[in-house]
Amino acid sequence: MTETSYGPAETTSPNFIQKGISDEAVASFIEMGFSSEMIARAIEETGGANSEPRMILETLFNYSASTEASSSKSKVIDHFIGMGFPEENVIKAIQEYGDENIDDIMNALLTYAEVDRLGETKDVNINTTDDDDNLYSLSSDDDEDELNNSSQEDSILQALIKMDYSREEAAIAIERCGEDASVEEVVDFICAAQMARQFDEFFAEPDKKEPMNNSKKRRTYNEPPRRERKPNTAMANDQLIYLPKEMIGFGVPNRPGLMMNRAVPVPDIACGPPFFYYENVAMAPKGVWATISSHLYDILPEFVDSKHFCAAARKRGYIHNLPIQNRFQIQPQPHNTIQEALPLTKRWWPSWDERTKLNCLLTCIASAKLTNRIREALEKYDGEPPLQVQKQVMYQCKKWNLVWVGKNKLAPLEPDEMEKLLGFPRDHTRGGGISRTDRYKSLGNSFQVDTVAYHLSVLKPLFPNGIKVLSLFTGIGGGEVALHRLQIRMNVVVSVEISEANRNILRSFWEQTNQKGILREFKDVEKLDDNTIEQLMDEYGGFDLVIGGSPCNNLAGGNRHSRVGLEGEHSSLFFDYCRILETVRHKARQMRK
DNA sequence: CGAACAATGAACTATTAA
DNA sequence: TTAATAGTTCATTGTTCG
């Protein structure tokens, strides 16, 4: 990865920019995640100075498609890097053992990791090298209290911890699988255990079957501790759904734990068509997801953190009746770390800020005064500030998602950076008279496109001739952008969105991407009555997909004022989602007869 | 000038999980 | 304990447009 310019005054452009291709075009390719080398090659191949941006883009897509399909080697490399092994070790192992035998590579990597670890422990105090790469390699300094155990069992434990399993979980799994078990076996065990746990949690009925004072009742490890405080009585009889420790849903790319089938199948009554896809915040007040699930055919939510897809966290629950096999990612894939996604920040990132992922992108940003105060505080010190100061700065960085934009200079994300992290095209929310504040608001309330597209990708082979979509709470069109980037043709989109600014954004996206299908816009889900829905279905021949995430204002943790649960003023619109979905499904059944 | 709108910054707060 | 969290309200200042 070559760093080029970092400020408007710099004029050191890469060579290919002089060849008649506009800077903007090149910048947008880089924006999309293609490397300078690839772009140069694509320009060369499509006619040099005379090539058109469209042709270049097509060629670039072909590159990424072909590397995806033909190079099993790069796939294997990605696989192991995804597990958390350092890239250099992965390449070394593949050079040594080829890319065929996964087990051999795994064993080699474990050996390297072991060697590295022993090496590290010897020179613990020589940790303050100026090597920038240190920032981006996985740090495992926090394991210093457990040294000198080089048994196979321990190396497997280390590997599992590197894969982000908890020490406790990994240790239990190793114990159950026996000393001689391979890493794969242990991972399989953990996955099976996760599935079983999901199943148990969904079906366990603590209130009915066993009295709560039965202390023998086995508690799952992520069950919250019992409190003296009385639980919310409105929810006391509801079945609770617990959040999984690792928010990977039915699986995310490049990580272990991919499920081939749901632990709890979709009940017959909810099986498509039409398909539906519902989304909301994962960390809603207790009992909310149980209620949501009970209103959506008791389908178990899929909880996914978008940090597995991009450089920002976004913990969300999704309830849908889509198949889960053969999912794929949209291309080009987003950058995986803050430093890759925002390359201009890399230069200013201090070594004591170890973040590689941002926290959840919200609707509010930090004040300029705050970042200025931090700058003034940091300027007092020549080198690294004292630990206590570092700690306070990091607290603010994490709280407000600040990034380094200059020496001692922090700033909140710009709207275009949020667009990029969320998987939208550049300037998706720009123009059309929308204020900056409203851009933040709309973006903060949006889908993460790569995550949603991964789930929706299963629709591509099912609808080769395009689909008809009913999009509720459309917002800035996260679902539509996902479908577009999946190259699934949208024959009809009936969109319901209350905000005029957001409707404008979707309409201009529709025009800019030359959509041939019909875009029909409504304002208010509450006013979309059953008659209208049936008329629309008659007119268009039904819907193939009902997609939407209902308001989370009254569920979100950030809300100090009215976090009152699903019945809140805004969040209760969820019930309109249910009403509309059921109307569509009922009508669809009638139309099939 | 003055109304309307946009931006700013601070003070709010509690549930949940690890 | 620490950490995270698609947020709301309100006073104030800035900006635009007749």
Side-chain angles (χ1 to χ4, degrees), chain A residues 142 164-169 219-227 229 231-232 235 240-247 278-289 303-307 312-318 355 357-373 391-392 394-401 412-413 415 418 421-422 429 433-449 451-452 473-476 478 499-502 548-566 568-571 573-574:
Chain A
D142 42 10
D164 266 7
Y165 291 113
S166 72
R167 181 176 290 274
E168 184 196 15
E169 186 176 35
R219 282 174 55 187
T220 55
Y221 73 100
N222 57 356
E223 186 178 335
R226 294 199 190 101
R227 300 212 181 144
R229 198 174 52 78
N232 185 346
M235 295 297 171
L240 293 183
I241 293 178
Y242 297 108
L243 299 179
K245 182 174 205 142
E246 273 219 290
M247 283 207 190
Y278 173 80
E279 184 253 21
N280 215 322
V281 289
M283 296 187 186
K286 198 171 271 190
V288 165
W289 272 106
F303 291 106
V304 182
D305 188 338
S306 291
K307 76 175 180 189
R314 210 170 183 77
K315 298 179 183 69
R316 296 292 179 273
Y318 304 88
R355 288 176 300 160
K357 302 274 184 185
L358 291 164
N359 281 338
C360 189
L361 308 187
L362 308 178
T363 54
C364 299
I365 61 164
S367 69
K369 288 204 170 173
L370 174 71
T371 56
N372 212 32
R373 281 203 300 272
K391 217 173 155 185
Q392 286 175 14
M394 286 316 300
Y395 171 79
Q396 298 294 341
C397 283
K398 289 174 182 176
K399 181 174 172 188
W400 292 105
N401 254 342
L413 292 171
M418 285 178 64
L421 288 161
L422 290 170
T429 59
I434 188 175
S435 73
R436 194 180 150 86
T437 321
D438 283 344
R439 280 181 83 187
Y440 279 120
K441 199 166 200 169
S442 293
L443 284 161
N445 284 309
S446 165
F447 285 168
Q448 205 285 326
V449 171
T451 312
V452 172
F473 313 102
T474 305
I476 58 174
S499 149
E500 189 187 349
N502 286 346
S550 62
C552 64
N553 316 25
N554 307 119
L555 312 178
N559 189 343
R560 275 91 149 165
H561 194 257
S562 54
R563 193 189 190 191
V564 293
L566 253 193
E569 183 188 351
H570 305 284
S571 294
L573 291 175
F574 161 73

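Quick note: numbers below take in every heavy atom, side chains included, and nothing from hydrogens, waters or symmetry partners. Throughout, protein chains are lettered first and strands after them, A, B, ... in sequence-line order, and every chain is numbered starting at 1.
Residue contacts shown for A:Cys360 are limited to sugar-phosphate atoms, with no base heavy atom under 4.0 Å away. Across all strands shown, A:Arg436 has heavy atoms under 4.0 Å from sugar-phosphate atoms exclusively, and none from any base. Counting any heavy atom pair closer than 4.0 Å across all strands shown, A:Lys315 reaches sugar-phosphate atoms only and no base atom. Note on A:Ala366: nothing from the nucleic acid sits closer than 4.0 angstrom, heavy atoms only. No contact: A:Ser306 has no heavy atom under 4.0 Å from any strand. Nucleic acid contact class of A:Arg439 (heavy atoms, under 4.0 Å, all strands): none. Within the nucleic acid shown, A:Glu279 comes within 4.0 Å of at least one base atom, counting heavy atoms only. A:Lys399 comes within contact range of no nucleotide atom at all, as no heavy-atom separation falls under 4.0 Å.
The two atoms that bring A:Val304 and A:Thr451 nearest to each other are CG1-CG2, 3.9 Å, heavy atoms only. When all heavy atoms are compared, the tightest approach of A:Arg355 to A:Cys397 is NH1-O, 3.4 Å.
Dashed line: the shortest gap from a side-chain N or O of A:Asn445 to OP1 or OP2 of C:dG7 is under 4.0 Å. A close approach under 4.0 Å does not occur between any side-chain nitrogen or oxygen of A:Arg355 and OP1 or OP2 of C:dA3. Side-chain nitrogen and oxygen atoms of A:Asn553 include at least one within less than 4.0 Å of the OP1 or OP2 phosphate oxygen of C:dT8. Of the side-chain N and O atoms in A:Ser435, none sit less than 4.0 angstrom from OP1 or OP2 of B:dC5. The shortest distance between the side-chain N/O atoms of A:Asn359 and the OP1/OP2 oxygens of C:dT5 is below 4.0 Å.
Taking A:Tyr440 as the reference, nothing meets the ring-ring contact (aromatic ring centres under 6.0 Å, His included) condition, with sequence neighbours excluded.
Comparing B:dA18, C:dT9, C:dT5 by their closest approach to the side chain of A:Lys245 singles out B:dA18. Checking C:dT5, B:dG9, C:dG7 against the side-chain heavy atoms of A:Lys369 singles out B:dG9 as nearest. Distances were taken from every side-chain heavy atom of A:Thr437 (C-beta onward) to each of B:dA7, C:dT9, B:dT15; the shortest belongs to B:dA7. Here the side chain of A:Ala556 is nearest to one of B:dA10, B:dA17, C:dG7, namely C:dG7. Candidate nucleotides C:dG7, B:dT15, B:dA17 were compared by shortest atom distance to the side chain of A:Arg563, and B:dT15 ranks first.
One interatomic measurement links the two molecules: CE of A:Met247 to C1' of B:dA17, which rounds to 9 Å at whole-angstrom precision. A:Asn401 has its CG atom 12 Å from the P atom of C:dG7, to the nearest Å. Rounded to an integer number of Å, the gap from A:Lys398 NZ to C:dT2 C1' is 10 Å. Residue A:Met283 contributes atom CE, which lies 6 Å from atom C1' of C:dA4 at whole-angstrom precision. One can place NZ of A:Lys441 at 11 Å from P of B:dA6, the figure rounded to the nearest angstrom. In this structure, CG of A:Asn554 is placed 10 Å from P of C:dT9, rounded to the nearest angstrom. If you measure from atom OH of A:Tyr395 to atom C1' of C:dT1, you get 14 Å, rounded to the nearest angstrom. Summarising the geometry, the separation between CZ on A:Arg560 and P on B:dA11 is reported as 12 Å, rounded to the nearest angstrom.
Summary of the strand contacts: A:Pro285 and A:Ala368 both lie near DNA chain B, and taking for each the nucleotide with the nearest heavy atom, the more 5' one is attributed to A:Ala368. Between A:Ser367 and A:Gly558, the one whose closest nucleotide on DNA chain B sits nearer the 5' end is A:Ser367.
The OH atom of A:Tyr278 sits 7.5 Å away from the CZ atom of A:Phe473 when rounded to the nearest 0.5 Å. The CG atom of A:Leu421 sits 6.0 Å away from atom CG of A:Leu413, with the distance rounded to the nearest 0.5 Å.
When atom types are taken as modelled, the side chain of A:Trp289 and the backbone of A:Val281 share a donor-acceptor pair closer than 3.5 angstrom. Between the side chain of A:Asp305 and the main chain of A:Glu246, no donor-acceptor pair closer than 3.5 Å is present. Remark: the backbone N or O of A:Ala313 is not paired with any side-chain donor or acceptor of A:Ser306 at under 3.5 angstrom. When atom types are taken as modelled, the side chain of A:Asn554 and the backbone of A:Ser562 share a donor-acceptor pair closer than 3.5 angstrom. Within the 3.5 Å criterion, the main-chain N or O of A:Lys398 finds a donor-acceptor partner in the side chain of A:Asn359. With A:Arg314 contributing its side chain and A:Leu361 its backbone, the two residues share a donor-acceptor pair below 3.5 Å.
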Here DNA chain C, pairs taken as Watson-Crick or G-U under 3.5 Å and shown with ( ), [ ] when crossing and | when to another strand, reads |||||.||||||||||||
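B:dT13 and C:dA4: their C1' atoms are spaced 14 Å apart (whole Å).
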Report all interatomic pairs (protein N or O, nucleotide N or O of nucleotides 11-18 of chain C) with separations under 3.5 Å.
none

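Tested against A:Arg316, the residues A:Met247, A:Glu279, A:Met283, A:Gln448 include a single side-chain contact (heavy atoms from CB on, under 4.5 Å) partner, A:Glu279.
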